[in-house]
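Working notes, structure below.
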Amino acid sequence: MKPNLTLCAATVAIVLGLQLFKLGPIPGSHDLLHTSEILQVTGAVGPESLAFDPNGDGPYTGVADGRILKWDQNDRLWTDFAVTTSQRKECVRPFAPELEHVCGRPLGLRFHKQTGDLYIADAYLGLQVVGPAGGLASQVVKEVEGQRLRFTNDMDIDEQKDVIYFTDSSTIFHRRQFMSSILNGDKTGRLLRYNISSQEVTVLLRGLAFANGVALSKDHSFVLVAETTNCRILRLWLHGPNAGYTDIFTELPGFPDNIRRNSKGEFWVALHAKRGLFAKWLVSNTWAGKSLLKLPLDFKRLHSLLVGGKAHATAIKLSEKGEVLQVLEDCEGRSMRFISEVEEKDGKLWIGSVLMPFLGIYNL
């Protein structure tokens, strides 16, 4: 048997064997997210990030067809708020990954509390901004160090210093290739800082394995960045005696997406999925991931292998020191699945998902 065929056959055997191991609940977790109220995003898919404007209205969310929608709490309906490109003639299907580079794919959303402007991390079109009235967003950052941003993902804003911290998940792979980024062991992700006044961009961290969610601490002394492939969150100290130093804030039992701070200074982390035995082995052995990508498996099957074969949801609350305070799950994926963000507001958790056609609202 040829070496490549042998490798593929071995990979298949391992995959089939390890699928016998099911993902159990995280010790100490509460299987309660299935009680969440489901809020359909009519005619759309993938409300990845959620943001409330300075007046408390919303949430606003970016969806897979490139639009940014606003939830009208009084009329209980979604309205179009903004887009990141005017080239939308072909953008008629709720989910068309092959057109994301044309239609845009808004991911992380953050409001500048002083100006009311909404900043948008568009995976393909870079960092953008739109005013309080919405409409067509304008370009803020589209290239860094002479190269176009390839996978802009998330951000947080320091209004005091008028800077934005944002992530570029990969300099090689686009968003629709995120499985390839993980399985290839890609470590080209970056954390960057944009100065709104000077319009200067600085690369703060390089070599990240799928740089994802971003969140500032309450006192703005450090910024957190999720490293999805490595299932951990890094902390970059911005001020104080440790300024410029990076350490591991916490290790996680799954693949983190966005990070959002609550009013107490605690952090909610959404796990796209828990990491099972096979996924742990896979991301630790890049040769296996690369071999898996050579097999005739579509995205759905590859994704299923990585997430343990069953849809589920996990939200983790961390202290300012990185200690686990609370874990909420929907172990069977009865309501919530593949969540991307958890935003705490007025005693409720608003929960987004990059893959589902709805978001969840969980009462604390």
Side-chain angles (χ1 to χ4, degrees), residues 107-108 121-124 126-127 141-156 158 163-195 200-217 221-240 242-259 267 269-273 275 279-293 306 318 322 340:
L107 296 177
D122 188 294
Y124 296 83
L127 192 61
V141 181
K142 67 177 179 181
E143 63 177 46
V144 175
E145 298 177 334
Q147 294 188 330
R148 285 186 66 94
L149 291 169
R150 201 164 185 88
F151 191 167
T152 321
N153 198 317
D154 195 29
M155 82 188 94
D156 201 358
D158 185 340
V163 298
I164 299 173
Y165 297 91
F166 69 101
T167 47
D168 182 27
S169 295
S170 173
T171 61
I172 300 173
F173 297 99
H174 287 300
R175 194 216 71 86
R176 60 174 171 259
Q177 301 167 310
F178 79 89
M179 287 294 297
S180 294
S181 175
I182 293 173
L183 295 177
N184 272 290
D186 174 34
K187 294 182 180 180
T188 62
R190 298 175 293 178
L191 174 68
L192 308 101
R193 180 180 62 212
Y194 172 72
N195 188 300
E200 294 179 343
V201 179
T202 305
V203 179
L204 300 176
L205 295 177
R206 302 176 189 269
L208 302 180
F210 204 120
N212 204 325
V214 182
L216 282 159
S217 63
S221 63
F222 62 81
V223 62
L224 301 179
V225 56
E227 202 177 16
T228 299
T229 302
N230 288 338
C231 296
R232 66 185 185 181
I233 295 175
L234 302 180
R235 171 175 51 190
L236 171 62
W237 289 95
L238 302 172
H239 308 294
N242 295 320
Y245 177 68
T246 303
D247 58 7
I248 297 173
F249 186 67
T250 191
E251 302 272 3
L252 295 163
F255 301 99
D257 202 323
N258 290 344
I259 312 167
F267 301 97
V269 182
L271 297 189
H272 179 78
R275 182 178 61 178
K280 185 176 182 179
W281 173 81
L282 192 64
V283 298
S284 300
N285 297 276
T286 55
W287 65 267
K290 292 176 180 179
S291 299
L292 196 62
L293 288 168
L306 190 68
L318 303 172
S340 52

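Throughout, numbering of the chain's residues begins at 1 and tracks the sequence.
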Residue pairs involving residues 173-186 (criterion salt bridge (Lys or Arg N to Asp or Glu O under 4.0 Å); sequence neighbours excluded): Glu100-Arg175
Heavy-atom closest contact (Ser170 atom, Thr188 atom, distance): OG-OG1, 3.3 Å
Enclosure of Gln147 CD (heavy-atom neighbours >12, cutoff 6.0 Å): no
Pairs flagged by salt bridge (Lys or Arg N to Asp or Glu O under 4.0 Å) wherever residues 222-231 is involved - sequence neighbours left out: Glu227-Arg232
CZ on Arg148 to OG1 on Thr171, rounded to 0.5 Å: 14.5 Å
Ring centre gap for Trp237 and Phe222 strictly below 6.0 Å: yes
Set of residues satisfying side-chain hydrogen bond (donor to acceptor under 3.5 Å, both in side chains) with respect to Glu145, sequence neighbours excluded: Arg206
Full working for side chain to side chain contact (heavy atoms under 4.5 Å, CB included) between Tyr194 and Val144: CA-CA 10 Å; Tyr194 172 72; Val144 175; over 6 Å; no
Flag side-chain contact, heavy atom, 4.5 Å: Leu107 against Phe151: yes
Side chain to side chain contact (heavy atoms under 4.5 Å, CB included) assessment of Asn184 paired with Thr286: CA-CA 6 Å; Asn184 272 290; Thr286 55; over 6 Å; no
Sequence-distant partners of Asn195, side-chain hydrogen bond (donor to acceptor under 3.5 Å, both in side chains), two or more places apart: Ser198
Sequence-distant partners of Thr167, side chain to side chain contact (heavy atoms under 4.5 Å, CB included), two or more places apart: Asn153, Asp154, Leu191, Ala211, Val214, Val225
Ring center gap for His174 and Tyr124 short of 6.0 angstrom: yes
Thr152 to Ala121 - nearest heavy-atom pair and separation: CG2-CB, 3.9 Å
With sequence neighbours excluded, residues passing side chain to side chain contact (heavy atoms under 4.5 Å, CB included) with Asp158: Gln160, Lys161, Val163, Tyr165, Leu216, His220
Min side-chain heavy-atom separation Val223-Asp156 under 4.5 Å: no
Thr202: partners by side chain to side chain contact (heavy atoms under 4.5 Å, CB included), with sequence neighbours left out: Arg193, Leu204
Atom pair CZ (Arg275) and CG (Asn230), whose distance is rounded to the nearest 0.5 Å: 8.5 Å
Leu306 vs Met179 side-chain heavy atoms within contact, under 4.5 Å: yes
Point-to-point distance, once rounded to the nearest 0.5 Å, from CG of Leu208 to OG of Ser169: 9.5 Å
Sequence-distant partners of Asp168, salt bridge (charged side-chain N to carboxylate O under 4.0 Å, His left out), two or more places apart: Arg190
Side chain to side chain contact (heavy atoms under 4.5 Å, CB included) against Thr229, all qualifying residues, sequence neighbours excluded: Ile182, Ala209, Phe210, Val283
Qualifying residues under salt bridge (charged side-chain N to carboxylate O under 4.0 Å, His left out), relative to Asp247, sequence neighbours excluded: Arg235
Spacing of Glu143 atom CD and Arg150 atom CZ [to the nearest 0.5 Å]: 14.0 Å
Closest contact, heavy atoms only, Cys231 versus Pro256: CA-CD, 3.8 Å
With Phe267 via ring-ring contact (aromatic ring centres under 6.0 Å, His included) - residues at least two apart: Phe249
Heavy-atom side-chain proximity of Ile233 to Leu318 below 4.5 angstrom: yes
His272 side, atom NE2; Asn212 side, atom CG - distance, nearest 0.5 Å: 10.5 Å
Where Phe173 and Ser180 come nearest, the two heavy atoms and their spacing: CE2-CB, 3.6 Å
Value rounded to 0.5 Å, distance of CE in Met155 from CG in Leu192: 12.0 Å
